[in-house]
2 protein chains.
Amino acid sequence: MLHTEDRSQDTMNDGAAPLKGRKATLSDVARLAGVSVATASKALNGRSQVRAETRARVEEAAEQLSFSPNALARGLLAGRTGTVGLLTSDLEGRFSIPILMGAEDAFGAGKVAVFLCDARGDSIREQHHVRALLGRRVDGLIVVGSRTDPRPSLGRDLPVPVVYVYAPSEDPEDLSIIVDNVGAGRQAIEHLISCGRTRIAHISGDPTYGASQERAQGAREALAARGLELIGDVRFGSWTEGWGRAAASMLLAQHPEVDAILCGSDQVARGVMDVLREQDRKIPDDVAVMGFDNWEIFTSHSRPPLTSIDMNFERLGRVAAQRLFAAIDGKPASGVEALDTRVVIRGSTAPGH
Amino acid sequence: MLHTEDRSQDTMNDGAAPLKGRKATLSDVARLAGVSVATASKALNGRSQVRAETRARVEEAAEQLSFSPNALARGLLAGRTGTVGLLTSDLEGRFSIPILMGAEDAFGAGKVAVFLCDARGDSIREQHHVRALLGRRVDGLIVVGSRTDPRPSLGRDLPVPVVYVYAPSEDPEDLSIIVDNVGAGRQAIEHLISCGRTRIAHISGDPTYGASQERAQGAREALAARGLELIGDVRFGSWTEGWGRAAASMLLAQHPEVDAILCGSDQVARGVMDVLREQDRKIPDDVAVMGFDNWEIFTSHSRPPLTSIDMNFERLGRVAAQRLFAAIDGKPASGVEALDTRVVIRGSTAPGH
DNA sequence: GAAAACACCGAAAAGGCTTTATGTGACCCT
DNA sequence: AGGGTCACATAAAGCCTTTTCGGTGTTTTC
């Protein structure tokens with residue numbers, strides 16, 4: 001049912017309700033308070049050139065009219081809009097969201113609003129969005145990639161600072177905030193070793209992802225530091241449960257002595273655990289299992305709950321926001337900043353967790 | 001070294017920082033083209049009062065300066081900003097994202113930019129965001145709930161139209177776009193029946209969710225229409241695999257004759273399938289299994305792939321965006337609009353899929 | 001008692017754009 | 001030739017806020 005009543009020019013409001021942006025302008029407030037707009041502005045912005053009594057009158061008038069200053073006019077004058085663009089190439093993916101949440105959180109704490117744009121992996125669309133955002137005079141841009149491999153830079157001649165997150169920019173002059181995947185691999189192995197495991201295998205994911213190569217490298221490094229080696233080298237495949245099952249079957253057949261399996265993702269780990277259970281290998285007593293990503297939906301509900309490496313995505317987003325703030329304030333940075341990860345221990349490596 | 005002057009958190013940034021890419025303004029374009037700003041404006045906006053040759057000159061000048069009009073100034077004048085606020089109460093959840101994608105898509109196709117705000121389920125934070133968005137003079141608001149139960153209205157006296165998605169507003173005067181959960185339950189049962197099943201059980205999720213009650217109701221209706229009943233009535237629990245496993249064990253013990261299990265979510269279905277496999281019941285030959293949500297990550301990688309009801313979230317977001325457009329254009333609507341769902345058939349009900 | 005200091009307020013400009021109203025010349029008609 | 005129409009260009013008036021600068025009236029200082 002449609003009704004055509006016009007809600008936009010409403011009746012007078014008593015000012016009791018808190019949320020009414022409405023059309024009240026600063027001159028309305030000034031008129032009601034019996035002062036000039038200049039004085040009203042100063043009063044509301046805490047400038048010093050206003051008598052306390054006058055300020056109070058203005059504030060009351062503003063309250064009564066539910067005045068809220070027009071951010072457009074303010075931004076037009078200030079040259080700063082207090083907005084940033086958040087450009088993601090893949091909202092659907094699991095990784096953009098927490099990053100986005102972290103960034104939104106950090107900005108919302110300040111007085112910055114976030115324009116969200118999803119390029120859907122299309123660079124034409126991305127260009128279009130960048131242009132639109134610049135037209136809106138955002139103060140800065142955050143670009144979130146969909147995988148960890150380097151991506152093309154937006155260019156050096158943008159009028160606003162840019163921070164790349166998750167996927168670094170190909171241009172080292174840009175500032176990129178990424179996950180330390182080598183460190184993540186190292187951390188994982190160190191945890192397994194400290195659980196007393198020595199015959200460790202690594203079932204990874206898609207080999208075309210930089211992340212899987214880097215994690216494998218970190219894992220090898222950590223093993224080498226103890227004079228150990230991977231059992232049966234790294235097995236690459238895809239990021240799926242199916243691959244986890246297939247790879248686990250082969251691994252157990254070829255190397256039944258294995259006492260820990262590091263998996264490329266929680267989904268892979270899930271498949272691996274299914275096979276272990278079917279073959280009556282106790283987790284973690286016979287074989288410890290570990291994943292990457294700490295994807296709650298998989299880690300908490302598996303049997304037993306899965307130990308995993310958390311990528312701290314929210315922090316990634318928050319740090320990106322902070323760096324962008326700094327750049328906007330005239331303190332730019334460049335290079336690649338790799339943030340560390342964190343082991344979340346559950347029952348698949350530590351009984352009782 | 002840049003000045004380390006008092007760059008206090010305020011706007012006292014007196015242009016000391018070298019803003020390198022100062023954006024070209026319309027007067028720059030006009031000067032370069034040798035016309036007045038008024039003419040330049042009309043030329044670039046396709047107004048009629050401009051000679052073709054003049055228009056070409058202006059366009060070339062604009063191109064040369066890579067001019068893009070300042071959306072702030074334009075919005076200030078027009079009273080419309082071409083922005084909307086997207087207020088979600090829970091970004092983390094699985095449902096907001098596709099809705100958000102649909103909306104972003106629909107708006108991006110027009111010339112509307114989206115402010116994203118996450119209230120994190122906190123109504124104080126929500127109020128704060130609403131106020132901030134109104135200060136930025138958004139043209140409209142979309143409010144995305146985190147569960148399907150009705151939520152408090154933002155109020156009738158907002159200066160801009162609002163569309164509620166997923167969770168309807170408690171106020172029937174508001175416009176809400178939701179999923180037809182009763183219809184979804186009906187659809188599911190009809191599919192199972194058309195697969196030849198008659199002894200159907202329903203393992204649902206958290207009973208405090210309206211969605212689970214409504215789906216159960218739809219399921220009962222569809223069964224009643226064929227003179228059938230649920231085996232062992234609805235079993236409520238939580239939306240987890242663990243509950244799926246527990247409930248399936250009990251169900252199979254009490255009603256071994258069951259030939260289909262409708263599950264409250266794909267995760268529940270996942271648990272149910274684990275138990276069926278452990279008890280050597282063939283899926284779908286002995287027992288068909290079905291879920292709700294069509295969460296790819298669960299449906300595609302289970303054994304066999306899981307038939308599920310897709311909620312069409314992207315369409316939900318797109319429709320919400322369209323309704324908001326209409327309302328902004330002065331064609332408001334109210335009431336609750338329930339969109340239908342869709343069965344995605346896979347191997348867990350239909351062999352060979 | 002005059003000069004300076006001070007506290008407070010208002011007029012006005014600026015910021016970039018669109019639109020209205022006004023102005024100018026070219027052209028056509030009787 | 002004068003009046004009218006038409007096509008085009010421009011000046012100027014906003015939109016809403018912040019900030020600078022100038023102007024009161026009052027107080028302090030020597």
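When reading the values below, keep in mind they use all heavy atoms of this one structure, side chains included, and skip hydrogens, waters and symmetry mates.
- Comparing C/dC17, D/dA11, C/dC9 against the side chain of B/Ala38 picks out D/dA11 as the nearest.
- Distance CD (B/Glu53) to C1' (D/dA7): 14 Å, rounded to an integer number of Å.
- Across the protein-nucleic acid pair, A/Arg80 atom CZ and C/dA14 atom P stand 23 Å apart, rounded to whole Å.
- Nucleotide D/dC16 holds its C1' atom 11 Å from the CG atom of B/Leu72, rounded to whole Å.
- Two residues are said to be in side-chain contact when any heavy atoms from C-beta on lie closer than 4.5 Å; B/Leu154 and B/Tyr164 meet this criterion.
- If you take CG of B/Leu77 and P of C/dT18, they are 8 Å apart, rounded to a whole angstrom.
- If you check distances only, the side chain of B/Lys42 does reach the base of D/dT10 with a donor-acceptor pair under 3.5 Å.
- Checking side-chain atoms of B/Asp28 against main-chain N and O of B/Thr25 turns up a donor-acceptor pair under 3.5 Å.
- The CD-P distance, from B/Gln49 to C/dG23, rounds to 16 Å in whole Å.
- Atom CG in B/Leu76 sits about 17 Å away from atom P in C/dA14, given to the nearest Å.
- At D/dC16, none of the side-chain N or O atoms of A/Ser27 fall inside 4.0 Å of OP1 or OP2 (strictly under the cut-off).
- Counting heavy atoms from C-beta outward, B/Arg136 and A/Thr83 have side chains that approach closer than 4.5 Å.
- Residues A/Val35 and A/Thr54 have side chains in contact (heavy-atom distance under 4.5 Å, counting atoms from C-beta outward).
- When rounded to the nearest whole Å, the span between CZ of B/Arg47 and C1' of D/dT10 equals 17 Å.
- In this structure, B/Arg51 places its CZ atom 18 Å from P of D/dC6, rounding to the nearest Å.
- With distances taken from any side-chain atom of B/Leu26 to the nucleotides C/dG10, C/dC17, C/dC9, the minimum falls on C/dC17.
- Backbone-only engagement by A/Thr25 is indicated by non-hydrogen atom pairs under 4.0 Å involving sugar-phosphate atoms exclusively.
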